Structures are given as C-alpha cells and as structure tokens.
Amino acid sequence: MAVNQQQLDYLSAMGIPVWISRDLPMPDLFKEQALGSDLGLSERRLPVELKGEATATTLSEAGLRAADELIKDLQQTTPIKQIAELAASLDDAIESKPQIISQNLDGVDWIELEKAVSQCTACDLHEKRQHTVFGYGSQRPSLMIVGDIPRLSDEQQNQPFTGETGELLSNMLSHLDVNADAVYFANLLKCRTPLDNSPQSNQAASCLSYLKQQIKLLQPPLILLLGRSTAQQVLGQDLPMVKLRQRVHELEGLDVRFIASYHPAYLLKQPRLKSLVWKDLQFIKQVLTNNG
Ligand code: SF4
C-alpha cells in the first residue's frame, strides 16, 4: 500500500525524508489506525513544512508511534541495496536542478571563444537551439549594444537584432550619430529561449562569462544594455529599469562604462515608453561626447 499525503506529513514531522517513505511498504500500524484520529490520546504539536508554507500540525501519540514503527521497519527490513538505490535517485534529482556553470575563459581569444560558444552545453538551452548567435560588428567598437536573447529571426539569420526590433534599434542609433559600422551587437544569452521568454537566472549566469570575455577582447568604451534582465544580470543589480537607466555604471575588472535602457522589442509592445528612451538616447549621446 502506498503512503498517502497525510501520512507523509507525519513522516516528514518525524524527520523521515519523503524520498524514502514514498517507496517503502506501509507499516502495519498505518494500515490499522487512522492517523490523527480522535483516539483520546494526548497530542503534541510539531512544526511541518506543508506546500511551501510554514505551518504547524497536530500529531497524536498514535501517529508518533506509527512513525516510530516505520523507522524500526526501515532499520530492520529495508535492504541496504534498496536504500542505496533510493539515495542514488535523490542524487539524480539534485543533479537535474538548474545549475550555474561558469567558464574560466582567461586568455581565450576571439576564435576560440566563438568555438566554445558554438559547442556550449552549459545550460538547458543548448538542447533545442538550431545554433548559437554569437554577435557581429566592429572589432574595435566605439559602442557595444547588448540585448537579452536571440529571437527566432535572429537565430535564423545568425545575428542579433533582426526584423522589426533591429529596425527600431537602427532608428535609435541614428539619433546617436553613431555609425553602425562602429558598433558591436551581442546578446547576454547566445541561445534562444522557448517562446522568447526572458532568460532564467541560471541560464544568464552560465552564459555571462562569454559576454564578459567578448567585452574584454573588444574593449568598447561604452556598452548599452538593453532590457531589464540584461541590465540586472550584467550589472548584478536586482533593480527595476527605472532605477537602472539614466546612470553610468561600472564593473570591477572591466574598464568600460555601462548605460541601461529599454529593449526595442519591449518598446514595440509598449510604445508609450519611447519618450523615456528618447531621454536615454540624449543621455548616451552626452556620455559618448564626453568620452570622445
Ligand atoms: Fe551555453 Fe549560453 Fe547557450 Fe546556455 S545559452 S547553452 S550557457 S551558450
């Protein structure tokens, strides 16, 4: 007989992991007695985590005895091999959790970096990509523009900022008097996300080392970070765009300045924000002039 949720709660209160108790036979005491029933026995309260919320549950002596019974059952009858298999299945579950794999790319040159990205399997996004989108543009840029993710048309054309998003970005750049030939375009992530969702933090963190190496090799004086998730991940600041924009940011170990603004893909959905971006462009222009 399988152990049901109520019984699992008791087991959990007794410190018996669910991963063990789900796969073990039901001890006799559980079969015969309704746990927590009104047997007229004294009760104790123990803290239990239920459905992610800290709560308290009332345990009867019968329930506690039943849990003791299960512990004895575990100790006496569960073959070591079965416990080892269960422990291994727990290890598998832990390993399948999203992990952050940061790369040591010190000394890696441009060609090696591009190859490393094309072969990367550091996060789950490699499974469904057609290919990676590394970036394109000037190798000595006066401005680097970094978005969040390659979208479908970007992947198809193997470059960031294609389609309507790219057109809007070109319009924005024309206000800056920056020649597109003097710009390098890249994304924080080099692989598409399903449905063009914002990157998950483990995906962004795993991919960030590639972007940082691109920055080290290109040495742009100024980087425009487009989109909240891009700015938050690159700058390591969990702030809304309203607090990230209109400021110059710096990062330890990188001789470059950063400015954040809204992503053109977002502007296409929220055109009313264009007036804010107009102000951001004026700010960027001023910083570029002072750099210049
Ligand atoms: Fe690797 Fe980045 Fe692609 Fe993830 S998104 S697989 S870290 S290249």
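Throughout, residue positions are numbered sequentially from 1 according to the sequence presented. All values reported here derive from a predicted model rather than from experimental measurement. Below, all heavy atoms of this structure are taken into account, side chains as well, without hydrogens, waters or symmetry copies. First listed ligand is number 1; within each ligand, the first listed atom is number 1.
In this structure, the protein non-hydrogen atom closest to atom 4 (Fe) of ligand 1 is C123 SG, 2.3 Å. With hydrogens left out, the protein atom closest to atom 1 (Fe) of ligand 1 is C120 SG, 2.2 Å, a heavy atom.
Near R129, with a cut-off below 4.0 Å to any heavy atom, the atoms of ligand 1 are 3 (Fe), 6 (S).
Of all heavy-atom pairs between S261 and D280, the closest is OG-OD2, 2.6 Å.
There is no side-chain donor-acceptor pair under 3.5 Å between T132 and S118.
Hydrophobic clustering of Ile, Leu, Val, Met, Phe, Trp and Tyr side chains at less than 4.5 Å, counting indirect connections, unites L225 with L189.
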Exercise for review: List the steps and the verdict of side-chain contact (heavy atoms from CB on, under 4.5 Å) for F161 and L226.
Suggested key: CA-CA 11 Å; F161 303 109; L226 294 174; 4.1 Å; yes
Practice item. Starting from the C-alpha separation in whole Å, work towards a yes-or-no answer on side-chain contact (heavy atoms from CB on, under 4.5 Å) for Q246 and K279. Key: CA-CA 8 Å; Q246 292 279 309; K279 283 188 191 159; 4.0 Å; yes
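Of the listed options C191, C207, S209, C207 places a heavy atom closest to atom 2 (Fe) of ligand 1.
Within the coordination shell of atom 4 (Fe) of ligand 1, defined by N, O or S atoms under 2.8 Å, H126 is absent.
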